[in-house]
Structures are given as structure tokens and as C-alpha cells.
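Single-structure report; data block below.
Predicted model only: the values in this text are computed from it and were never measured. Both counts, for ligands and for their atoms, begin at 1 and track the order of listing. Nothing fancy with the numbering, it's 1 onward along the sequence.
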Amino acid sequence: MWECFSRHTSTFLIMGPNCTRNCRFCAVEQGPLGPPDPEEPARVAEAAREMKLKYVVITSVTRDDLADGGASHFAETVRQVKNKIPDALVEILIPDFLGDEKALNIVMESSPDVLNHNIETVSRLYPSVRPEADYRRSLAVLMQAKKINTSVFTKSGLMLGLGELSGEVEETLKDLVKAGCNMLTIGQYLQPSKKHIEVDRFVSPEEFDGWRKTALETGFSEVASGPFVRSSYHAKELYQGVLSNVS
Ligand code: SF4
């Protein structure tokens, strides 16, 4: 938090504390779901302004119970932040919206600077790690976002230590690059509680460095890879890196 806050970067989790899914790696709980709070977008924007943020990451729980998966609430939050802080960059870390292209259009119309959607793990491990998600659907979200707006930078994230094999990680990197993905974060999976899926192994910092090199060689413009790297780690620096690569 200190590292990010000192760089005027912060992440907001919107649409409540509870999720409609139950990924085996995630500490977010299932529980009662209310409608999104209509005042939330304005409050997020005001908090971002007060914190003098220059790079705002907006993410959410997955809300499969809502007709648009919460896309319009997401878009309204982006718009309010951009209105309140016109020079702030906004990155959205979105759920898959069950592959609903209309929902993706709604969030894309709010003009985020970066669209992030985490692939999380390799295809083979989806049934045990993300049973309610779909590897191909997640790739399609990234691909579709690029189709809607070719100038938006796309980003994804991968955890290591869940039992994936090196060849499977390489395949995932290739799939993401084929989907047009510009940026990648790679971090160590840590078990949030005894109820969650166990850590298969701890990956050495040297191996993370190797994966960064491999990912760059595969075609990503920017990669953050290390034991403590999470989706929004050094988000602004990654954005600036990819921007300088294209200009
Ligand atoms: S969908 Fe996202 S927030 Fe919900 S349990 Fe899975 S990782 Fe956690």
C-alpha cells in the first residue's frame, strides 16, 4: 500500500464485498447481494480526488446476478472519476460478464485507459481453480475489447504455484499474446485460508525473472513478474512502459 500510495496509485473494489462466484484461490466471500449503490461512483471519484490519485484502478466482485453483470455501474464509476480528475488514468479490472459482448461494450464506452482481465491460471486447472469461469471465454473478453477499441491497452494476470506446468504457462502466454494482450502480471499464489486451494510450490525470484523474459519474448510489451506481484502492482509504470513502446 505504501509503495502504491506514494506513487498516487490506488485500487477500488466496487459493487459490494460479496461475489456470486467461488474461485478456490480468492478470499472474497459469497454472501447476500444487494443492488449496486448508486452513490458509489461519485464516492469513488471523490475519494480518488481527495487522495490526489493520478492512476486509479477500479475492480469489482463478479455480479452474475445483475442483468448487465454490473457493467453500467462500472462505466459510471469510470466516467465520474474521469470527470472529477480529468488528468487521471483509469485502469479497469473486469470480470468476464459471462461473455456478454453488450456488457463489454458498455464498459468500453466509458473510455478506460487500460482494460485488465485476469486469466489467473492455465486452461487445465480451470475446473479445480476457477470452476465457474472459462479459459476461452476469458481470452475472448480480451480479444473483443481490442476489437471494440484498438487503441485501448489490454492487460492480464497469472498466478504461479497452483500446479501448472512450464509448457502450460508457455501456452497461456502465447494465447494471451494472440488475444492482443499488451501487459502481464505474474505473481505467486498464496493460500488465503485453510479452506482455499493449497499452494503447490513456491516459485523462486529467479524463476519469476525467467518468466518475465519469456513473456517479453512471446510478445508482451510490459511484464511485472515476482513473488509479490499482483494485478495492479506498478500499474502506472507498466502503462507508461507500454505507451513509450508504441510511441
Ligand atoms: S470472481 Fe473474482 S472476486 Fe469472485 S471469487 Fe472469483 S476471483 Fe474472487
Test side-chain hydrogen bond (donor to acceptor under 3.5 Å, both in side chains) applied to His234 and Gln240, Glu222, Glu3, the passing residue
Glu3
So, Asn149 and Ser151: side-chain donor and acceptor under 3.5 Å apart, yes or no?
yes
When rounded to the nearest 0.5 angstrom, what distance separates CD in Glu170 from CG in Asp175?
12.0 Å
Non-hydrogen side-chain atoms of Ser156 and Leu142 separated by less than 4.5 Å:
yes
What residue pairs, at least two apart or across chains, pass ring pair (Phe, Tyr, Trp, His ring centres under 6.0 Å) with a residue in residues 130-185?
Tyr126-Tyr135, Phe153-Tyr239
Walk me through whether Ser231 and Asn118 qualify under side chain to side chain donor-acceptor pair (under 3.5 Å).
CA-CA 8 Å; Ser231 311; Asn118 284 336; 2.8 Å; yes
Just the protein N/O/S atoms under 2.8 Å from atom 8 (Fe) of ligand 1, please, no waters.
Cys26 SG
